[in-house]
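Reading through the structure tokens given below for one structure.
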Amino acid sequence: MPTAPLKVLFVSSEVEGLVKTGGLADVAKSLPAALKLMGHDVRIVMPFYKTVTGREQAVSLLSTELYVEPQPAAVGYQVMQLASGDVPVYALDAPQYFDRPELYAENNQAYPDNGERFAFLSAAALDMCEKVDFQPDIIHCNDWHTGLVPFLLKTRYAQSDFFANTKSVITVHNAVFKGIFNYDQYRLIPELIQHRYINAEIDPSHISMLKAGVAYADKVNAVSPNYASEMLTHLGSHGMEADFQNRIRDLYGIVNGCDYGDWNPETDPYIKQKFKANKVSLARGKKACKKDLQQQVGLPVVDLPVYGMVCRLTEQKGIHYLIPILKDFLVNEVQVVIVGTGDPALASALRQISEAHADKFAFVEAYSNPLAHCITAGADFFMMPSEFEPCGLNQMYSLAYGTLPVVRAVGGLIDTVIDYDDKPHVATGFIFSDPTPEALLIKLQRSLLLYSQKPQEFKRLQQNAMACQFSWQESAQQYLEMYLDGDMLPSVTSTESASGV
């Protein structure tokens with residue numbers, strides 16, 4: 001461990017508190033904050049989207065341009081300074097790329113120039129470093145949007161004195177999104193076109209930004225140990241198993257932390273009654289929060305077990321496992337609340353079921369952070385039947401509120417939930433394995449049986465759940481060890497260790 005603090009540049013397409021579409025933003029806020037608390041000089045670079053919170057308070061640090069031969073003209077941009085807590089944020093202001101209503105897509109249609117937009121992010125993130133006098137020891141990249149940063153460090157900046165001691169890391173939050181674009185979108189990265197880097201190619205006309213990042217970063221990590229193992233398989237890597245197997249000596253799995261500043265039943269401003277883990281406080285708090293949830297979503301205020309779910313409506317989240325068996329599950333004395341937006345067909349199916357079972361099932365087609373907190377606090381069980389889940393955060397939030405997760409045995413869900421049928425004394429939830437609606441229904445019925453027939457056992461599991469701690473400080477320490485120790489044995493050491501999906 002060096003005595004001097006590290007200089008870390010964290011490159012992300014979104015940061016919670018400034019702009020967010022998913023869990024990547026939570027990590028981009030919490031991990032830099034944890035590293036800064038450890039004494040390191042951490043800065044974040046991101047796009048200056050039209051929708052950034054606090055945009056009007058941003059201060060211009062630099063007005064400059066990115067010029068790359070043989071392009072006929074430079075791309076002008078400004079570096080605007082914001083903050084994420086105590087961490088400085090450099091927001092790259094290039095209106096032709098980022099002055100749009102949304103981050104990546106509108107009406108479920110991706111922007112056609114996303115390749116060029118995020119190629120610019122990678123190129124400008126490096127271009128601005130010397131101009132703002134920040135010489136990073138580590139550049140920490142995240143997902144495909146930033147995958148060209150490691151490539152550029154090893155090509156365009158290979159002989160640069162400024163970056164001579166800079167190392168790069170890429171964190172894979174979700175390998176299903178590979179950032180695949182035609183060569184035409186890489187005019188700002190002519191190195192790709194001139195030299196045809198086949199280890200970044202999908203085919204002779206398309207490049208994957210994620211493949212480029214995995215191939216050229218000094219370290220590669222996944223957001224949970226089990227997901228790192230899954231990425232060595234065809235199914236778990238979504239076809240990129242060879243890329244990850246080639247980097248096996250540099251592949252790490254580090255589970256995300258949980259931001260207990262935002263998700264704490266003792267301090268949560270969004271819930272009806274705050275509560276602690278002791279039995280009396282827990283029972284009173286959960287009862288008040290359940291009643292409030294039922295009233296908010298229009299369900300009868302009755303003493304029934306409530307199953308909650310907050311998610312994007314996609315097959316990744318396992319909605320297609322839930323819909324076929326939801327009517328069968330609602331035959332029981334239960335209530336179900338689902339909140340989310342996404343695939344119109346999935347939303348339509350859920351809406352039809354809710355209309356037919358209005359006394360037991362509420363579907364809210366929206367995303368509301370306050371309502372998400374109310375579900376997490378007021379439900380008895382939280383459903384995450386994911387098809388795949390690199391880490392997952394909602395199961396951690398639900399554990400903190402004594403809401404038992406019902407999850408599938410994939411990715412970080414295995415790393416953070418202990419199954420009652422496997423280890424009852426230390427259990428914190430329920431896990432099923434088979435990717436089928438029937439397997440989900442069996443596990444839901446199993447959880448309902450515990451709630452109904454063994455109430456004291458159910459309460460014991462609630463307290464087990466609330467005792468769980470997934471500290472960002474612990475995760476940050478593991479990231480720091482990865483940054484520092486080139487000889488550290490990775491968490492995945494052979495393809496035989498991969499458990500699959």
Side-chain angles (χ1 to χ4, degrees), residues 23 26 224 226 255-268 270-290 293 305-311 334 336-337 372-386 389 391-432 440 443-444 446-472 474-475:
D26 295 281
S224 70
N226 190 60
V255 72
N256 285 337
C258 177
D259 188 343
Y260 293 106
D262 289 339
W263 295 90
N264 184 343
E266 296 185 35
T267 59
D268 194 329
Y270 297 116
I271 65 177
K272 186 68 174 180
Q273 182 172 317
K274 299 174 179 61
F275 57 91
K276 299 181 180 180
N278 72 72
K279 290 183 179 180
V280 174
S281 178
L282 174 60
R284 289 175 178 173
K286 294 290 284 187
K287 182 177 180 180
C289 291
K290 180 184 289 189
L293 173 61
V306 174
Y307 288 72
M309 188 173 188
V310 180
C311 68
V334 298
V336 176
V337 182
H373 281 253
C374 290
I375 290 174
T376 304
D380 299 293
F381 299 93
F382 195 96
M383 299 182 294
M384 289 184 69
S386 304
E389 194 68 57
C391 180
L393 293 170
N394 282 314
Q395 83 279 12
M396 298 185 199
Y397 303 154
S398 67
L399 289 166
Y401 289 70
T403 302
L404 304 185
V406 180
V407 305
R408 198 163 89 79
V410 289
L413 301 179
I414 291 179
D415 293 317
T416 53
V417 178
I418 302 172
D419 181 44
Y420 179 69
D421 292 317
D422 183 33
K423 298 179 179 178
H425 295 298
V426 294
T428 57
F430 297 84
I431 302 176
F432 70 102
L440 170 58
K443 192 58 69 167
L444 289 174
R446 179 73 180 91
S447 66
L448 179 59
L449 195 65
L450 178 74
Y451 179 95
S452 303
Q453 296 190 356
K454 297 183 177 181
Q456 295 307 314
E457 187 78 342
F458 172 78
K459 292 175 182 177
R460 183 180 66 79
L461 262 64
Q462 284 184 305
Q463 295 202 306
N464 284 355
M466 294 185 75
C468 294
Q469 285 289 313
F470 300 97
S471 162
W472 265 115
E474 182 177 338
S475 297

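Nothing fancy with the numbering, it's 1 onward along the sequence. Computed from a predicted model, the values in this text were never measured in an experiment.
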Working for side chain to side chain contact (heavy atoms under 4.5 Å, CB included), residues D422 and I431: CA-CA 9 Å; D422 183 33; I431 302 176; over 6 Å; no

Aromatic ring pairing F381/Y307, orientation class (parallel under 30°, perpendicular over 60°, tilted between): parallel

Reported OG-to-CG distance for the pair S386 and L413, which is rounded to 0.5 angstrom: 5.0 Å

Trace of the side chain to side chain contact (heavy atoms under 4.5 Å, CB included) decision for D259 with D26: CA-CA 8 Å; D259 188 343; D26 295 281; over 6 Å; no

Check: M466 and P265 side chains under 4.5 Å, non-hydrogen atoms: yes

Heavy-atom pair with the smallest gap, counting every atom of M396 and G392: CE-O, 3.5 Å

Expected output: side-chain K286 to main-chain A377 donor-acceptor under 3.5 Å: yes

NZ/K287: more than 12 non-hydrogen atoms of other groups inside 6.0 Å: no

Residue from R460, K459, Q453 passing side-chain hydrogen bond (donor to acceptor under 3.5 Å, both in side chains) with E457: R460

Spatial distance of atom CD (Q395) from atom CG (L404) [nearest 0.5 Å]: 13.0 Å

Side-chain touch L461/L450, heavy atoms, less than 4.5 angstrom: yes

Interatomic distance, D380 atom CG to S398 atom OG [nearest 0.5 angstrom]: 11.5 Å

Heavy-atom neighbours of E266 CD exceed 12 at 6.0 Å: yes

Salt bridge present between D421 and R446 (N-O < 4.0 angstrom): yes

Residue list, ring pair (Phe, Tyr, Trp, His ring centres under 6.0 Å) with Y397, at least two apart or on another chain: W263

Contact check, side chains of M384 and M309, non-hydrogen atoms, under 4.5 Å: no

Heavy-atom side-chain contact between P305 and L448 under 4.5 Å: yes

Polar side-chain atom of S281 near backbone of N278 as donor-acceptor pair, under 3.5 Å: no

Note: K443-D419 ion pair, threshold 4.0 Å (strictly below): yes

OH on Y401 to NE2 on H373, rounded to 0.5 Å: 5.5 Å

Smallest separation among heavy atoms of C289 and I271, with atom names: SG-CB, 4.0 Å

Rounded distance [0.5 Å steps], CG in N464 versus CD1 in I418: 8.0 Å

Least distance between heavy atoms, T403 atom then A379 atom: OG1-O, 3.1 Å

G429 to V417 - nearest heavy-atom pair and separation: CA-CG1, 4.0 Å

Minimum side-chain heavy-atom gap Q462-K279 below 4.5 Å: no

Side-chain donor or acceptor of S224 paired with backbone N/O of G412 under 3.5 Å: yes

Side-chain touch V336/V306, heavy atoms, less than 4.5 angstrom: no

From E389 atom CD to D415 atom CG, the distance as rounded to the nearest 0.5 Å: 12.0 Å

Which atom of T428 lies closest to which atom of L399, heavy atoms considered: O-CD2, 3.5 Å

Over all atoms of both residues, closest heavy-atom pair of Y420 and A427: CA-CB, 3.3 Å

Centroid-centroid under 6.0 Å between F430 and F382 rings: no

